[in-house]
Amino acid sequence: MNENYRNFQDGCMDWDDAIENDGQEFIILPEGDYNFTVTDFERGRFPGGPKVPPCNKATITMQVKTDDGIASIRTDLLLYRSLEWKISSFFRCIGMKKHGERLVMDWNKVVGSRGRAHFKPRTYTKDGEERQANDVDRFYDWDEKYFPAGSEWMEIDDDSGLPFEQGRCLCTN
């Protein structure tokens with residue numbers, strides 16, 4: 001049996017299982033520069049808007065380790081030529097591309113990569129309630145001084161206690 005499948009199966013619950021884990025509180029980062037680890041990548045479709053027609057999109061989930069716990073940030077990268085600069089900036093940030101270099105995007109290598117970005121809180125209204133989310137303001141080009149060789153700045157090898165898991169349950173019952 002595939003090891004990934006076995007790990008997903010270990011997380012599946014029965015309809016009458018007892019529950020107790022309330023999860024982690026959502027952490028809003030104060031505006032600033034933070035190191036992050038990419039913990040998930042999803043392929044999706046942008047339905048289109050006033051400035052960009054329907055196109056493919058990559059939804060990237062990043063996590064930032066703070067004194068208060070793990071902050072989670074999701075951002076969409078629209079695969080549209082006028083926004084190519086933002087995709088290029090992301091790949092430079094995680095060290096897979098150099099400035100001015102041509103690169104065939106390898107999305108399979110994104111999860112587990114690390115980078116540094118400027119994050120800002122964003123306020124929005126949903127169902128009449130004001131809420132906040134973490135947004136990426138800009139990605140910084142890869143700089144190894146923030147990730148010294150052999151450092152374990154943020155190894156995410158155990159999803160316990162993290163607000164988002166990398167996998168999806170593949171339960172069949």
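Along the sequence shown, residues carry numbers from 1.
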Rounded distance (nearest 0.5 Å) linking atom [atom1] of [X] with atom [atom2] of [Y]:
X   : Y    : atom1 : atom2 : value
R92 : I94  : CZ    : CD1   : 11.5 Å
L29 : Q132 : CG    : CD    : 10.5 Å
M62 : S72  : CE    : OG    : 8.5 Å
C55 : L79  : SG    : CG    : 7.0 Å
Q63 : I27  : CD    : CD1   : 10.0 Å
T75 : K57  : OG1   : NZ    : 10.0 Å

Review point. Should K120 and D135 count as an ion pair when the cut-off is N to O under 4.0 Å?
Key: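 Judged by the 4.0 Å cut-off on N to carboxylate O distance, K120 and D135 do not form a salt bridge.
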Check whether any side-chain heavy atom of [X] sits under 4.5 Å from a side-chain heavy atom of [Y], and report yes or no.
X   : Y    : value
T59 : R74  : yes
F90 : V136 : no
V64 : F119 : yes
E31 : P121 : yes

Point to revise | Geometric cation-pi criterion R116 and Y146, 6.0 Å radius, 45° cone | key: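 Yes, R116 and Y146 form such a contact.
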Review point. For the residue pair W85 and F139, is the inter-centroid distance of their aromatic rings smaller than 6.0 Å?
Key: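 No: the rings miss the under 6.0 Å criterion.
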Looking only at atom types and distance, does a side-chain atom of [X] sit under 3.5 Å from a main-chain N or O of [Y], one as donor and one as acceptor?
X    : Y    : answer
T125 : G128 : no
D106 : N108 : yes
D143 : K145 : yes

Review point. Which atom pair, heavy atoms only, marks the closest approach of N134 to A71?
Key: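 Minimum heavy-atom contact is ND2-CB, 4.3 Å.
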Practice item. Start with the C-alpha distance between F91 and W142, add both sets of side-chain angles, then the distance that settles ring-ring contact (aromatic ring centres under 6.0 Å, His included), and finish with yes or no. Key: CA-CA 9 Å; F91 277 97; W142 173 261; over 10 Å; no
**Study point:** R81 CZ: over 12 foreign heavy atoms closer than 6.0 Å
**Key:**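 Open: at most 12 neighbouring heavy atoms sit under 6.0 Å from CZ of R81.
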Check your understanding: Would the number of heavy atoms belonging to other residues, nucleotides or ligands and lying under 6.0 Å from CD of E144 be above 12?
Key ->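 Counting other residues, nucleotides and ligands, CD of E144 stays at 12 neighbours or fewer.
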Exercise for review: Could you tell me whether the side chains of R43 and N56 share a donor-acceptor contact shorter than 3.5 Å?
Suggested key: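 Not at all, the side chains of R43 and N56 share no donor-acceptor pair under 3.5 Å.
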Check your understanding: I73 and L78: same hydrophobic cluster, using ILVMFWY side-chain contacts below 4.5 Å?
Key ->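 I73 does not cluster with L78.
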Check your understanding: Can you say whether the rings of Y140 and H118 are parallel (under 30°), tilted (30 to 60°) or perpendicular (over 60°)?
Key ->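 Y140 and H118: perpendicular rings.
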